[in-house]
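Here is the naming used below: chain letters follow the sequence lines, and residue numbers restart at 1 for every chain.
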Amino acid sequence: MSIAIEKHKCVGCGRCTEVCPGNLLQMRNRKAAIRDVRDCWGCTACVKECPRKAIYYYLAADLGGRGGRLYAENNEKEIKWQMQWPDGSKEEIVTAKQEANQY
Amino acid sequence: MNVREEQADILLIGGGAAGCYAALTLGEKHPELNVLLVDKANIKRSGCLAAGVNALNAYITPGHTPQDYVDYAKEDAAGIVREDLLLSMSEGLNDVTAKLEKLGLVIQKNPDGSYAARGWRNIKINGENIKPILAKAVLDQSNVNVRNHVNIVDYLVVDGKVCGAWGLDLKQEEIVLFIAKAVICATGGAAGLYQPNHPGTSRHKMWYSPFNTGAGYAMGLRAGAEMTTFEMRFIALRCKGTIAPTGTIAQGVGVPQVNSRGEKYQGKYGNTTAQRLWAVVRENLSGNGPCYLATRGISPEQAAALERAYLNMAPAQTLFWRESGLSPQEFDVEIEGSEPYVVGGHTASGYWIGADRSTTLAGLFAAGDVAGGCPQKYVTGAFVEGEIAAESAAKFAAEAAPKMDLTVIKDTISKQVQHFSGADTETPYTAERLEEAMQQAMDEYAGGIKSHYGYSESSLKIARRHIERLQGLSDNLRAADAYGMLKIFELRERLLVCQALLAHLAARKETRWPGFAEHLDYPEMRDEFKVFINSRLEQGEIKIIRRPLAAALEEAVS
Ligand SMILES: Cc1cc2nc3c(=O)[nH]c(=O)nc-3n(C[C@H](O)[C@H](O)[C@H](O)COP(=O)(O)OP(=O)(O)OC[C@H]3O[C@@H](n4cnc5c(N)ncnc54)[C@H](O)[C@@H]3O)c2cc1C
Ligand code: SF4
Ligand code: SF4
């Protein structure tokens, strides 16, 4: 279970390194990098914090992952959770911040 | 490393649910006090609340009373609770909930304006941003200063009184001494003691925060504080692989557990939190596994609502459903037990405290998952304890601080840090390898997943020998920077928590919570164990203390 950083999208703002509850993200040569993917809890704090959608979350192979990527576009009103599959297709689920969980 | 000093009236260690709420209380009610809140990460997303929470699990709905909550928690813990602590916690649940709503937490309402309940003690919210909401409210307090990315290692103790703490600033690479008139510990519980469900790439895909390493327990033990009920471990029943919560489906949608033969087995085992887990363990051992939540046949609307609910707290589950094609509408959701944790917000493990949340050490208060005696606190209960501890610490701080000579203390700390610093080490071991060895020993010999949560007197002895061995080896570890040193200190605090846990497990010669802890030599509940098993570290050894259940306040703090 982990995240991956797409270096070409990272603008080096450092926001992800602030929010990781495990201090796992660092700046290396002005790009974000994770110390060790095995230490990631999968909380997605960094995914939601990144203004460039440069971080995605994925299920590791030992959790049944099939290469899907989960990105988040986070604004005041909602989070757009965008899933990208290995064949290039995409799906989106929107969670509204003013809407409580039904369950 | 450079040494920096900071002073405050009150030092809060850990800015999670309890610590942030304590800071908020001190900000709003005691503006005259100068408060420092220190967290190992950034309070915006630190601790258990990082990903968000699903619901407020502790709330008193109309028609119920705080005493009902006490009775429920007492039964769930088979009697081993401090009713005084549970009651003062329960009495505050609804006020802290109203406060959170005012701060911006979205809570679902019924047409008549009351909160929408999920069962009688649980309300529906959007908990994705509960931590950022809380953190913002703390940062708005003018008398509260926050120090993010500073990991506290130990208390400063002068003449038996806690006068502050010291830690490592992970970004500045500095040692920091915090001097205060009163200290509140709110560092959460301990994860990472046992081998997790997925020891490889996904080793940190666990239920509890892997970054809550039991620091507060370890610091307390080292300073001589009394601890209670470590042996009531918490083991979470979770969705297979993702370790996402099951309550959303079981209580939220309202579906039963079934085994692979399609049988509803729950009735055979009882319905306490431990028994629900035990049911799955037994079914698997009887060849009826895997076990599932019977979601097949739920409506498309229900499935879509579940997907959104999980995104708000455990996004892995939604991704898993979409990616695997195993949608909950068409397939039952497989479940499994996690590895054991020591966590006082779910069970009763932690500091032995008074009704005012004072510990047995003068000047030190505890709240949230690190505090014992009061299970089923969850997030709102942690808030209430933070509030009570804040008021008590404020009262304590009103007394003048004793003069203390920091020269000796500073020297000892520098030497300790010096001991573990260095690029070259003589040892072939690393903190990571020793952590794995610890988790493996606990798993095999102290009732982990592999041993179906069961242990015996002889297996506990073997575990103890391994922990002692690893404690010795950990002394030879060295690190070149603050983060590396953090890993060494985390390992050492986990090893100490394991040492205490093993002593507690050995001392309770019965099986009171099958599922959470099964003593194979004593498979029954025994009347003589209707007591608290408490402990203190004395000259490196865990000394066990038995205390009566109806322990009065004076006894608690004597
Ligand atoms: C995945 C998950 C889901 C949950 N879902 C729900 C839910 O839906 N509803 C509900 O009511 N409850 C839920 N809970 C329970 C709830 O989150 C906890 O009971 C609550 O957060 C406990 O508060 P705390 O302050 O004791 O610990 P935390 O909130 O974890 O805070 C501990 C803080 O201490 C800091 N810290 C730790 N060690 C140190 C150190 N050495 N130095 C400095 N800082 C340190 C950490 O960074 C952290 O910020 C959930 C828990 C988990 C793990
Ligand atoms: S998902 Fe969470 S734990 Fe993992 S790197 Fe991002 S912020 Fe850190
Ligand atoms: S938040 Fe995004 S853009 Fe900013 S440093 Fe991190 S990965 Fe790069």
Does any non-hydrogen side-chain atom of [Y] lie less than 4.5 Å from one of [X]?
X       : Y       : value
L311(B) : I93(A)  : yes
W81(A)  : T318(B) : no
Q108(B) : N101(A) : no
R38(A)  : E432(B) : yes

Residue [X] excluded, over 12 heavy atoms near [atom1] under 6.0 Å:
X       : atom1 : value
R52(A)  : CZ    : no
K97(A)  : NZ    : yes
N110(B) : CG    : yes
K7(A)   : NZ    : no

Using non-hydrogen atoms only, which part of [X] is less than 4.5 Å away from chain A: side chain, backbone, both, or neither?
X       : result
N54(B)  : both
Q251(B) : neither
L306(B) : both
K131(B) : neither
L319(B) : both
K124(B) : both
R118(B) : side chain
E490(B) : neither

Indicate the atoms forming the closest heavy-atom contact of [X] with [Y], along with that distance.
X       : Y       : value
Y57(A)  : A316(B) : OH-CB, 2.9 Å
G200(B) : D62(A)  : C-OD2, 4.1 Å
R66(A)  : E323(B) : N-OE2, 2.8 Å
A50(B)  : P21(A)  : CB-CG, 4.0 Å
A100(A) : V106(B) : N-CG1, 4.0 Å

Which value, rounded to the nearest 0.5 Å, describes the distance between E18(A) atom CD and I43(B) atom CD1? 11.0 Å
To the nearest 0.5 Å, how far apart are NE2 in H204(B) and OG in S2(A)? 11.0 Å
Pairs of heavy atoms under 4.5 Å with chain B: top-ranked of V19(A), T44(A), N23(A), L24(A): N23(A)
Among E49(A), R35(A), M83(A), which has the most heavy-atom pairs under 4.5 Å with chain B? R35(A)
Among K40(B), E307(B), M313(B), Q302(B), who wins on heavy-atom pairs under 4.5 Å with chain A? Q302(B)
Among T248(B), V253(B), N129(B), who wins on heavy-atom pairs under 4.5 Å with chain A? V253(B)
Please step through side chain to side chain contact (heavy atoms under 4.5 Å, CB included) for the pair K48(A) and R45(B), ending with a clear verdict. CA-CA 11 Å; K48(A) 289 181 276 194; R45(B) 288 282 180 185; 3.8 Å; yes
Closer than 3.5 angstrom, by distance alone: can the side chain of [X] be matched with the main-chain N or O of [Y] as a donor-acceptor pair?
X       : Y       : result
W41(A)  : M206(B) : yes
Q102(A) : A305(B) : no
N126(B) : A96(A)  : yes

Are R203(B) and D39(A) within salt-bridge range, i.e. N to O under 4.0 Å? yes
Checking P199(B) now: which residues fulfil side chain to side chain contact (heavy atoms under 4.5 Å, CB included) with it, not counting sequence neighbours? Q195(B)
Are T95(A) and Y310(B) close enough, and set up right, to give a side chain to side chain contact (heavy atoms under 4.5 Å, CB included), and what steps lead you there? CA-CA 10 Å; T95(A) 51; Y310(B) 277 99; over 6 Å; no
Given L63(A) and H198(B), is the side chain to side chain contact (heavy atoms under 4.5 Å, CB included) satisfied, shown in steps? CA-CA 8 Å; L63(A) 294 186; H198(B) 298 273; 3.4 Å; yes
Structural part of Q26(A) lying under 4.5 Å from a heavy atom of chain B: neither
What part of V47(A) gets closer than 4.5 Å to chain B, counting heavy atoms only: side chain, backbone, both or neither? neither
Mind running side chain to side chain contact (heavy atoms under 4.5 Å, CB included) on R322(B) and W85(A) for me, showing each step along the way? CA-CA 10 Å; R322(B) 289 279 173 123; W85(A) 309 120; 3.8 Å; yes
